[in-house]
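Just so you know, these numbers come straight off a predicted model, no measurement behind them. Order of the sequence lines fixes the chain letters, A, B, ..., with proteins taken first and strands second; residue numbering starts at 1 for each chain.
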Amino acid sequence: MRIAVDPDGEGGGRLAELDPSGVRGAAAETGDLAVGVAEREAGGAEAVRWVWADTSEAYPPLLGRGVQVGRCHDVGLVEALLLAHAGRFGEPHALGAAWARLHGREVPPDPVRRAGRGGEEQPALFAAESGTLPPGTDRLAALAEVHADQWRRIGGLPDPGRFALLCAVESAGALAAAEMRRTGIPWSAAVHDRLLTAQLGARPPAGARPAVLAGLVEEVSAALGREVNPDSPAQLLKAFAAAGHDVSSTRSEVLRAVDHPAVRPLLRYKELARLHSAHGWAWLDAWVRSGRFRPDYVVGGVVSGRWATRGGGALQIPKAVRGAIVADPGWRLVSADAGQLEPRILAAVSRDAALARAAGADDLYARLAGAFGGDRQRAKIGLLAAMYGQTGGDAAPLLAVLRRAYPRAIGFLDRAAEEGERGGLVRSWLGRTCPPPSPGWRNTVAEGGPDAGGAARGRGRFTRNFTVQATAAEWALVLMAAVRRGLAGMDGSDGRPEIVFFQHDELVMHVPARLAGETADLARRAADEAGRVMFGESPVRFPLDVSVVDCYADA
DNA sequence: ATTCGCTGCCAC
DNA sequence: AAACGTGGCAGCGAAT
């Protein structure tokens, strides 16, 4: 059963049951939406799928009242998927835009959401989606109308079942993202501070360099015979040139090969300066409140369907600070990481029987090694090169080997690349569709100038990778949805087990210690289920590396 | 004072 | 060495 939800922005709102063509019966008005949703979520014999304009707006207030829901249909996210499928990636996809297109009106731009810092509530933009509907429009009616239209459009696609699954897991992801933001990653500011102090020295006044960094700046300057700011590539290039070393850049990899006494302290400086600027005390102050880091996830924020985050850099937490992620007393962190996901996805989508057999093993690369004279590392480099579109350097001979051993898999990638080079669209397994090329790209390629070949090949690499990365992302969403459902069914008497972190192909759960084993089993079963739901019966397996730890650094 | 392109490095 | 996909973000330095 589908029920449309129209919040009034003041805790109340309207609810109306939907059918494929619109509203069924009369809308129910309530002064307390949380109560109305909770009753229907718990009550009926049939599970509810909540239909709303924007999960990131509608759901947090419910969570704030302790109300979790199982399923939803996020009209904005589904609209974006449908537009992309029609070759219209990036057009406004909020409810107001979808409604305006239905009515042949001028399409308003989507509302812009700013980043909210760690401790803050969601930005209190008053019912942002209403702003994109013309004043006086019945929002519930508009929601029902757009939903009916989306239902119809999905039904008209070549594979509506797959696309409906994509819409369902994208929406489930939005639920999980809101829940994760509310819950937060358990983060020990004390451990983080100790870790910083041990490496950088005592916390300096705001804006000043910590003692260890200041000392390294002195060392670098002394070795180069002049004052330099090591944060300035321009100054470093000049100083090295003056010292007789014409370096092409100041990247660590380049500097490592330079024989000069400034190099060692400079590399140390770069490493520690990164820690200080990206995840130092300022980051801690801005993003960690009451023992939790609460990143602002952007579901579908990456073209491939991966998530992005707004502020806080949650998807780039460096290994160096993962020691600060510590379970609460009596709780455990359960980390579940899909191993070798992208080559397994390639095996599944290309229906390459030989690669699929290799993907039936725990270590896919080891099974490929035979074709490379037993060299697992070369097998791995070759397969990654094929998926990323690398052609030069050491990759060429490896690709030739792969092409012979796994012609269907490599052929699949080649076709995706050719489609991209022609300016065409490619899709994931469930139907997520890449953006069309820009007008600038079309001009460059059509004119056939010196940049034409490079531009075409560049887009070929993108579409080649898109098919695999986007399918891997949706496999991960199916996994997350299954784990989320399983956790919701567990005994919550010691506290509710929850997903607290999601990073492309990895989930971290924070659970009462008693439930850790059950959670690990749940994750493994969910990975099997994700493979079956996506690809049916197949020799391809999706093994998870699962660890139960107190500290994420030990995962 | 703010904006923006560039460099460089972190994650997958 | 760099090659090679998707991103976020800090700092620099020039342009506005």
Side-chain angles (χ1 to χ4, degrees), chain A residues 115 207 209 213 228-238 247-258 266-267 269-280 282-283 286-287 295-298 300-322 337-343 345-346 380-399 413 416-417 420 426 428 432 434-435 454 457-473 475-476 501-508 545 552:
Chain A
R209 277 198 176 100
L213 287 179
V228 289
N229 175 4
D231 292 324
S232 167
Q235 287 183 32
L236 284 175
L237 286 178
K238 271 190 206 150
V247 291
S248 59
S249 86
T250 62
R251 285 199 288 275
S252 296
E253 288 305 308
V254 173
L255 292 175
R256 234 177 279 283
V258 175
L266 178 53
L267 291 175
Y269 175 88
K270 279 171 169 282
E271 191 184 339
L272 292 177
R274 166 85 193 177
L275 174 65
H276 179 242
S277 70
H279 285 91
W283 181 91
W287 290 101
D296 198 359
Y297 295 96
V298 186
V302 178
V303 286
S304 62
R306 285 180 172 184
W307 292 7
T309 56
R310 242 185 319 247
L315 301 180
Q316 306 127 258
I317 299 169
K319 306 253 195 282
V321 301
R322 292 185 177 187
D337 187 346
Q340 308 170 339
L341 179 57
E342 294 195 350
I345 292 291
L346 173 62
K380 176 177 178 178
I381 289 172
L383 194 51
L384 290 173
M387 289 187 296
Y388 286 161
Q390 178 186 345
T391 51
D394 300 339
L398 304 180
L399 282 171
L413 293 169
V426 296
S428 69
R432 191 186 303 271
C434 79
R457 283 191 297 279
R459 187 151 194 284
R461 284 192 298 276
F462 164 61
T463 52
R464 169 193 296 270
N465 186 256
F466 180 95
T467 56
V468 177
Q469 191 181 109
T471 305
W475 178 89
F501 188 45
F502 172 56
Q503 187 173 227
H504 308 313
D505 59 2
E506 175 186 14
L507 285 170
V508 180
D545 293 326
Y552 186 45

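- For the pair A:N465 CG and C:dG5 P, the interatomic distance rounds to 8 Å; values are reported in whole Å.
- Heavy-atom minimum distance, A:P435 versus A:V303: CG-CG1, 3.7 Å.
- Listed pair A:S232 / C:dG13 meets the phosphate criterion, a side-chain N or O lying under 4.0 Å from OP1 or OP2.
- At C:dG11, none of the side-chain N or O atoms of A:N229 fall inside 4.0 Å of OP1 or OP2 (strictly under the cut-off).
- Between B:dT7 and C:dA2, the two P atoms lie 15 Å apart (nearest whole Å).
- The separation between A:Q235 atom CD and C:dG11 atom C1' is 12 Å, rounded to whole Å.
- A salt bridge is defined here as a Lys NZ or Arg NE, NH1 or NH2 lying under 4.0 Å from an Asp or Glu carboxylate O, and A:E271 with A:K319 fails to meet this definition.
- A salt bridge between A:D231 and A:R209 is present, with a side-chain N of the basic residue lying under 4.0 Å from a carboxylate O of the acidic one.
- Remark: C1' of C:dG8 and CH2 of A:W287 are 11 Å apart, rounded to the nearest angstrom.
- When all heavy atoms of A:C434 and A:R459 are compared, the closest pair comes out as SG-NH2, 3.8 Å.
- At the heavy-atom level, A:V303 lies under 4.0 Å from the strands shown only through sugar-phosphate atoms.
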Pair A:R306, A:E342 - check salt bridge (Lys or Arg N to Asp or Glu O under 4.0 Å), show working. CA-CA 13 Å; A:R306 285 180 172 184; A:E342 294 195 350; 3.6 Å; yes
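- Ring geometry for A:F466 versus A:F462: interplanar angle over 60°, hence perpendicular rather than tilted (30 to 60°).
- Distance check on atom P: B:dG8 versus C:dA1 gives 16 Å, rounded to whole Å.
- In this structure, the OH atom of A:Y269 is 9 Å from the C1' atom of C:dG11, given to the nearest Å.
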Readout for nucleotides 6-12 of chain B: B = base within 4.0 Å of protein heavy atom, S = sugar-phosphate only, - = neither; 5' to 3' it is -SBBBSB
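- Among the protein residues, A:G312 comes within range of the sugar-phosphate backbone only, with heavy atoms under 4.0 Å from sugar or phosphate atoms but none that close to a base.
- Note on A:E342: nothing from the nucleic acid sits closer than 4.0 angstrom, heavy atoms only.
- Counting to the nearest Å, the C1' atom of C:dC4 and the CZ atom of A:F462 are 15 Å from each other.
- When the C1' atom of C:dT6 is taken as reference, atom CZ of A:R432 falls 13 Å away, rounded to whole Å.
- Of the residues near DNA chain C, A:S304 and A:A314, the one whose nearest nucleotide (by heavy atom distance) lies more toward the 5' end is A:S304.
- With rounding to whole Å, A:K380 atom NZ is found 15 Å from C:dC4 atom C1'.
- Legend: residues meeting side-chain contact (heavy atoms from CB on, under 4.5 Å) with A:A338, ordered by chain and number and at least two apart, are A:L341, A:W475, A:D505, A:L544.
- As rounded to whole Å, 17 Å separates atom C1' of C:dG8 from atom CH2 of A:W307.
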